Structures are given as structure tokens and as C-alpha cells.
Amino acid sequence: MSDPILCIHGGAGRWRDEITDPALARPVHDGLDAALAAGGAVLASGGSALDAVQAAVRTLEADPTFNAGRGSALTSGGWVECDAAIIDGADGRAGAVAGLRRTRSPVGAARHLLDEGRHVLLAGSEGEAWLHAHGVEACPEDWLVTDRARRELARWLAGDQGRRGTVGAVALDRDGRLAAATSTGGLTGKRPGRVGDSPLLGAGTWADAAAAVSCTGLGEAFIRTGFALRTALRIGDGATPTAAAADGLARVGSFGGSGGAIVLTRDGRWELATSDSAMARGVWTPRGQQTWLAR
Ligand code: ASP
């Protein structure tokens, strides 16, 4: 029997305003707390790591404060294209989706593929239509698009670098199984059709018997470095989660990127690392939960 653990993140980035202004920081901490409570309740009642990461990520997707599901960053065309992945480290079952525009919970869509077991990654309007025809809940496009995301796109079009973000969770359950899930709207102003690291297993999301990893940051750099798989393999070879994450973030930096990752090992060690000025993140254990925003 293992002591269950859940780690989550709500994205890394240039969040100086949210750190220094308590009125802005509050909704971020509240959203993280709600997600930890949702995923923690699954683990506390003996549920699986897989169900726990899905419950935590679904809670963050429904919260417009975060860049995933409702509140996703907008493409340069002004609509959302959501990416998500979920993977069970115990047996390698996985599901992922990319470019969804009308799905209430992208991680739920990814879970549907994991359970069905035929394909791992489904993308675009044809894939989304199939998911809706097979029980995945659709929603109006407008429900996913918030005024805040519209304002951020307007700022990006005016030359601002744009705010990033993503949400993710890694968990260890009582039976020693690990799982990871990640969901994102991607980068504000991204080209329609662009897919980031989050739905790509081994890049932004990974879990195996040794470690579970969920990333946030400049997706192109995380894809190029194979961040999540590389980190888990290094841990499997004996590296500490702290050393493995630091090495991965240094590699991301060498590709001009920055970001963060949450990493959890089979023996219950965790690391919430970032090379940005802030990362929304938190940890749940049976003894309590805690959240952080500043680096
Ligand atoms: N990694 C996400 C992407 O590139 C964005 C982020 O985490 O900020 O799609």
C-alpha cells in the first residue's frame, strides 16, 4: 500500500500581476484548491490515480481562470482549439485529443479514447464529431470563449507576448499506480491547427511505472526535448525528480523556451519545478493540501 499523493499545476508563465495582487491571486488559489479537493476525494476513497487526475483536470477545465477548457487561450482566428492527454502509468493505456472547439471537458474526451482502446490521439473536427456521437459531451463554442481570453488576444495582436498557461495533474494511488493528465488551450494567438506539447505523450504528458509528468510552457521546446518521457526515464535510471526536472528545463531553455513541470515518483517523491517567474501549483496528501503561485 502506498500513501496516495496528487500534484497539480495551473500553468507557468509571466504571472507577475497575479502574484503581487491578492485580488488576482485569490481565484487562482481557489481554483487549485477545488481541483485538489476533487482529485484528493477520489484518492481518499481508494479510487485510482487515473480517475484522480481526470477529476482534478476536469475541475480546472471548468474554471475560466485557467487556460484549458472554458477560458482557453484563443487562436489568431479568435476561437479555441483545446488539446489534452491522459495516461495510466500502470499499463500504458492512453488517450489524447487535439484541436477541439466544442467539447466541455477535453480531458474527458481523451479518457474516452483511453477506455475505448483503439486509437490514442484524435484531432480536428472529424475526430470531435465522432467523440460527440459516442457520448462525449459537446458544448457551445461561446461557452469556452471568455472575455478575458478575447482581451488577451487583442493584446497579443497589438504586440504583447501573450499569457500562457495549461493545467495538469499527476497522482499516485494506494496500489502504487501512477497517472498523468494535461489539458490546454495552448498559446494565445497560435496559428489555427497548431498542436502543442500537452496532448503529445512523451512531450508534455507521460506516466510509467517509475514516474508521472505533466508540463506547461513553450510547447515547441517541450516537444523538441521529449521532456516528459526523458524525465521519467532518467528517474527510472536513478535520478531524483529534482535533478531530472532541472535538467529538462535547462534543455528547454537551450531551445529558447521556459515553463514548468510537475513530477511524481512511484515511491512518493515529488517536484513542482519552473523556470518562469510563477507557476500555479499544489499538492494534496491525506494529511492536507497546499498551493503556491510565486516561483
Ligand atoms: N504548453 C502549452 C502549449 O504549448 C502552453 C503552456 O503551457 O503555457 O500548448
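One-based numbering, in listed order, for ligands and for the atoms of each. For the single chain, residues carry numbers from 1 onward in sequence order. Keep in mind that what you see is a predicted model, and the values were worked out from it rather than measured.
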Handout entry: Partners meeting side-chain hydrogen bond (donor to acceptor under 3.5 Å, both in side chains) with Arg234 (sequence neighbours left out)
Key = Asp247
Problem - Closest to atom 5 (C) of ligand 1 (judged by heavy-atom distance), picking from Gly185, Gly217, Gly219 - result: Gly217
Problem - Nearest-0.5 Å distance, CH2 of residue Trp206 to CG of residue Leu201 - result: 6.5 Å
Exercise for the section: Could you tell me which residues satisfy salt bridge (charged side-chain N to carboxylate O under 4.0 Å, His left out) with Arg26, sequence neighbours excluded, listed by chain and number? Expected result: Asp30
Practice task
Give yes if a backbone or side-chain nitrogen or oxygen of Thr216 is under 3.5 Å from a nitrogen or oxygen of ligand 1, and no if not.
Solution key: yes
Exercise for the section: May I ask you to check if ligand 1 and Thr166 share an N or O to N or O distance below 3.5 Å? Expected result: yes
Exercise for the section: Verify the neighbour count for atom CZ of Arg269: are there more than 12 heavy atoms of other residues, nucleotides or ligands below 6.0 Å? Expected result: yes
Exercise for the section: Would you check whether Gly165 reaches within less than 4.0 Å of ligand 1, judged by its heavy atoms? Expected result: yes
Fill in the blank from the handout: A student checking ligand 1 against Gly186 at a 4.0 Å heavy-atom cut-off should list atoms 9 (O)
Exercise for the section: Could you see which bit of Arg194 sits under 4.0 Å from ligand 1, with heavy atoms only: side chain, backbone, both or neither? Expected result: side chain
Exercise for the section: Hey, can you tell me if His112 and His134 have their rings parallel, tilted or perpendicular (30° and 60° cut-offs)? Expected result: tilted
